[in-house]
Amino acid sequence: MRILVFANTPAHVHLYRHAVDRLETAGHDVLVLTREYACTTDLLEFFEMPYRVYGEHGTDRYSKLRFVRELGDQIRTIGREARRFDPDVVFGRGPYAAYAGTLTRTSIVLVLDDEPGEFNYAVSRPFADCILSPEVTRRDLGDAHYTFEGFKECAYLHPEVFERDEDVRSVLRVDSDEPYVIVRFNALDALHDTNLEGFRADQRRDLIERLSEHATVFVSDEGDDMDLQDLPARSYDLHPALIHDAMAEASLLVADTGTMATEAALLGTPTLRFRGTDDHEYGEFQELERAGLAEQFAEYETVRDRALEVLTADDASARWHRRRKAYVTDMVNLTELLVEVAESCGSVDRLSSSTRQTLRHRRREQPQM
């Protein structure tokens with residue numbers, strides 16, 4: 001079989017990396033189409049995934065003009081690469097996957113979550129043969145929509161897949177018992193981030209200074225535009241492939257971005273997300289809040305004070321780890337699901353009975369009017 005995968009962000013690389021490895025080991029041909037964005041290609045290189053680049057996307061603020069310009073150039077490259085590879089099934093989440101699959105008359109599998117906005121859904125849903133999303137996704141995406149118990153991040157953070165490497169502490173140059181915090185600042189450059197505001201510059205400085213009184217502070221700045229020279233913090237500068245090990249060992253994660261907050265929560269690390277002006281209600285975060293694995297705040301002072309409270313509590317890490325252990329036990333190993341869906345060319349009917357039992361058909365479960 002020939003499987004084409006779109007990985008447009010670092011999170012997409014993690015989503016598919018174990019499945020790609022499994023599929024290649026089984027003798028299938030896999031190609032990842034990607035763009036130069038943040039550390040995406042660095043991760044593809046690290047995990048030795050077969051890829052080609054179809055374009056680039058900067059970390060400056062999103063604009064409609066730039067999006068239209070990028071889209072035209074990238075669509076042409078995607079069309080050329082897709083025809084050359086001639087896939088049997090295409091995996092992705094938006095217009096690129098829909099276009100590649102339609103052009104090559106190939107089955108299209110979309111792996112989605114509860115992101116805001118309608119663009120990705122509107123342009124890709126009509127072409128999909130199979131749509132997979134977490135059960136907490138609130139949308140009904142049609143007859144091809146199936147949900148699973150868990151999160152997209154279960155493809156690489158499920159207990160059957162992820163094992164923390166405590167040696168990351170030596171790479172970070174922190175002692176075995178030294179508390180440290182990872183602070184993640186969003187570049188807010190994606191389509192769904194338009195007109196959103198996270199931490200302001202003065203709030204970033206204040207947060208770092210307050211946290212540094214109780215722990216070593218590492219700053220992961222997605223926009224790469226923050227000067228830490230006169231601040232009591234260190235730049236998180238490890239290879240991006242090590243971020244999950246670093247988060248698993250951290251005493252706290254504070255972020256105004258979504259993916260890393262979800263990841264840290266699923267690792268059992270105390271996680272606080274500052275919403276800023278983002279008033280979208282994400283099904284994933286609501287579920288993590290219900291499980292006691294993440295907390296969200298609309299006001300800066302509230303998230304700052306809560307961060308200090310968690311950081312100075314003696315049992316915070318132990319409480320979060322207990323909740324995580326109890327919560328993730330019944331979640332689907334998404335890598336296993338992706339591999340079987342790929343080998344079935346996106347046909348749910350061709351899945352094994354045990355795998356079909358892990359899926360729920362969203363439309364059939366909607367209440368009848």
Side-chain angles (χ1 to χ4, degrees), residues 3 5-26 30 32 34 37-51 91-93 109-115 132-137 147-168 182 184 220 236 238-250 253 255 257-269 271 284-285 287-288 291 293-294 321 324-325 327-342 355 358:
I3 299 116
V5 175
F6 280 86
N8 294 328
T9 71
H12 298 166
V13 176
H14 289 298
L15 170 63
Y16 292 111
R17 62 185 175 92
H18 291 296
V20 168
D21 182 61
R22 289 269 304 277
L23 289 165
E24 286 192 306
T25 300
V30 183
V32 177
T34 189
Y37 170 68
C39 61
T40 305
T41 53
D42 292 332
L43 288 171
L44 290 165
E45 292 280 356
F46 183 90
F47 295 119
E48 299 181 343
M49 297 168 68
Y51 75 93
F91 280 81
R93 62 175 291 114
V109 179
L110 304 180
V111 185
L112 304 175
D113 55 11
D114 209 10
E115 71 171 31
L132 301 175
S133 78
E135 177 64 26
V136 295
T137 303
T147 64
F148 58 88
E149 192 66 37
F151 298 78
K152 292 198 318 337
E153 292 76 11
C154 288
Y156 53 98
L157 297 180
H158 191 279
E160 295 175 1
V161 176
F162 178 80
E163 184 175 350
R164 69 170 63 194
D165 184 356
E166 297 179 4
D167 288 343
V168 74
I182 296 177
R184 172 67 164 179
S220 173
Y236 177 84
L238 302 190
H239 193 283
L242 302 179
I243 186 60
H244 301 117
D245 296 308
M247 285 195 292
E249 285 292 306
L253 175 101
T257 184
T259 298
M260 280 182 60
T262 302
E263 292 170 336
L266 290 175
L267 289 167
T269 298
T271 300
E284 288 87 349
F285 285 123
E287 175 63 12
L288 289 170
L293 293 173
H321 282 296
R324 185 252 184 187
K325 185 176 181 180
Y327 182 69
V328 302
T329 302
D330 297 327
M331 287 189 173
V332 168
N333 181 338
L334 185 54
T335 288
E336 299 279 354
L337 177 59
L338 292 176
V339 168
E340 193 167 337
V341 169
T355 299
T358 68

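In this text the structure is predicted, and so the values were computed from the model without any measurement.
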Study note, to complete from the structure: For Ala7 and Thr34, the nearest pair of non-hydrogen atoms, with its separation, is O-OG1, 2.6 Å
Review point. What do the steps show when you test Leu288 against Phe151 for side-chain contact (heavy atoms from CB on, under 4.5 Å), and what is the final call?
Key: CA-CA 10 Å; Leu288 289 170; Phe151 298 78; 3.8 Å; yes
Point to revise | Listed partners of Glu48 passing side-chain contact (heavy atoms from CB on, under 4.5 Å), at least two apart | key: none
Point to revise | Under the side chain to side chain donor-acceptor pair (under 3.5 Å) test, residues paired with Thr358 that sit two or more places apart | key: none
Check your understanding: Which residues satisfy the ring pair (Phe, Tyr, Trp, His ring centres under 6.0 Å) test with Phe6, sequence neighbours excluded?
Key -> none
Review point. Can you check side-chain contact (heavy atoms from CB on, under 4.5 Å) on Ile3 and Val20, steps first, answer last?
Key: CA-CA 9 Å; Ile3 299 116; Val20 168; over 6 Å; no
Study note, to complete from the structure: Heavy-atom nearest pair, Leu253 first then Ala264, reads CD2-CB, 3.7 Å
Point to revise | Ala265 backbone acceptor or donor facing Thr271 side chain under 3.5 Å | key: yes
Review point. With sequence neighbours left out, what residues match Thr41 under side chain to side chain donor-acceptor pair (under 3.5 Å)?
Key: Glu36
Check your understanding: Is any side-chain heavy atom of Val136 closer than 4.5 Å to a side-chain heavy atom of Thr147?
Key -> no
**Study point:** Those residues that, when tested against Glu249, pass side-chain contact (heavy atoms from CB on, under 4.5 Å) (two or more places apart)
**Key:** Arg164, Glu166, Val168, Arg169, Tyr180
Check your understanding: Which atom pair, heavy atoms only, marks the closest approach of Glu24 to Pro50?
Key -> OE2-CG, 3.3 Å
Review point. Arg17 and His14: side chain to side chain donor-acceptor pair (under 3.5 Å), yes or no, with the steps?
Key: CA-CA 5 Å; Arg17 62 185 175 92; His14 289 298; 3.0 Å; yes
Review point. Do Arg324 and Leu266 pass the side-chain contact (heavy atoms from CB on, under 4.5 Å) test, and can you show the C-alpha distance, the side-chain angles, and the key distance before you say yes or no?
Key: CA-CA 6 Å; Arg324 185 252 184 187; Leu266 290 175; 5.7 Å; no
Study note, to complete from the structure: Output for pair (Asp21 CG, His18 NE2), nearest 0.5 Å, gives 8.5 Å
**Study point:** Residue list, side-chain contact (heavy atoms from CB on, under 4.5 Å) with Pro240, at least two apart or on another chain
**Key:** Cys39, Asp42, Leu43
Practice item. Go through the structure and list residues passing side-chain contact (heavy atoms from CB on, under 4.5 Å) with Glu160, not counting sequence neighbours. Key: His158, Asn333
Practice item. Taking side chain to side chain donor-acceptor pair (under 3.5 Å) as the test, write out the residues that go with Glu149, two or more places apart. Key: none
Revision key, fill the gap. Salt bridge (charged side-chain N to carboxylate O under 4.0 Å, His left out) filter on Glu336, not counting sequence neighbours, yields Arg22
Exercise for review: Taking all non-hydrogen atoms of both residues into account, name the closest pair between Thr329 and Lys325 and its distance.
Suggested key: OG1-O, 2.9 Å
**Study point:** Heavy-atom check, side chain of Phe91 versus side chain of Val341, under 4.5 Å
**Key:** yes
**Study point:** Straight-line distance of Leu293 CG to Thr269 OG1, nearest 0.5 Å
**Key:** 10.0 Å
Review point. Leu338 versus Leu132: any side-chain heavy-atom pair under 4.5 Å?
Key: yes
**Study point:** salt bridge (charged side-chain N to carboxylate O under 4.0 Å, His left out) partners of Arg184, counting only residues at least two apart
**Key:** Glu222
Review point. Pairs in or reaching into residues 238-247: which pass side chain to side chain donor-acceptor pair (under 3.5 Å), with residues at least two apart or in two chains?
Key: His244-Glu263
**Study point:** side-chain contact (heavy atoms from CB on, under 4.5 Å) assessment of Tyr156 paired with Val13
**Key:** CA-CA 10 Å; Tyr156 53 98; Val13 176; over 6 Å; no
Review point. Does Ala155 offer a backbone N or O that forms a donor-acceptor pair with the side chain of Thr335 under 3.5 Å?
Key: yes
Practice item. Keeping the roles fixed (side chain from Thr262, backbone from Gly258), state whether a donor-acceptor pair exists under 3.5 Å. Key: yes
Exercise for review: Decide yes or no for Thr40 and Asn8: does some side-chain heavy atom of the first lie under 4.5 Å from some side-chain heavy atom of the second?
Suggested key: no
Check your understanding: Quick one: side chain to side chain donor-acceptor pair (under 3.5 Å) partners of Ser133, sequence neighbours excluded?
Key -> Thr137, His145
Point to revise | Side chains of Tyr16 and Val111 in contact at under 4.5 Å (non-hydrogen atoms) | key: yes
Review point. Can you tell me how far the CZ atom of Arg93 sits from the OG1 atom of Thr9, to the nearest 0.5 Å?
Key: 7.5 Å
Practice item. Compare all side-chain heavy atoms of Phe162 with those of Glu153 and state whether any distance is below 4.5 angstrom. Key: no
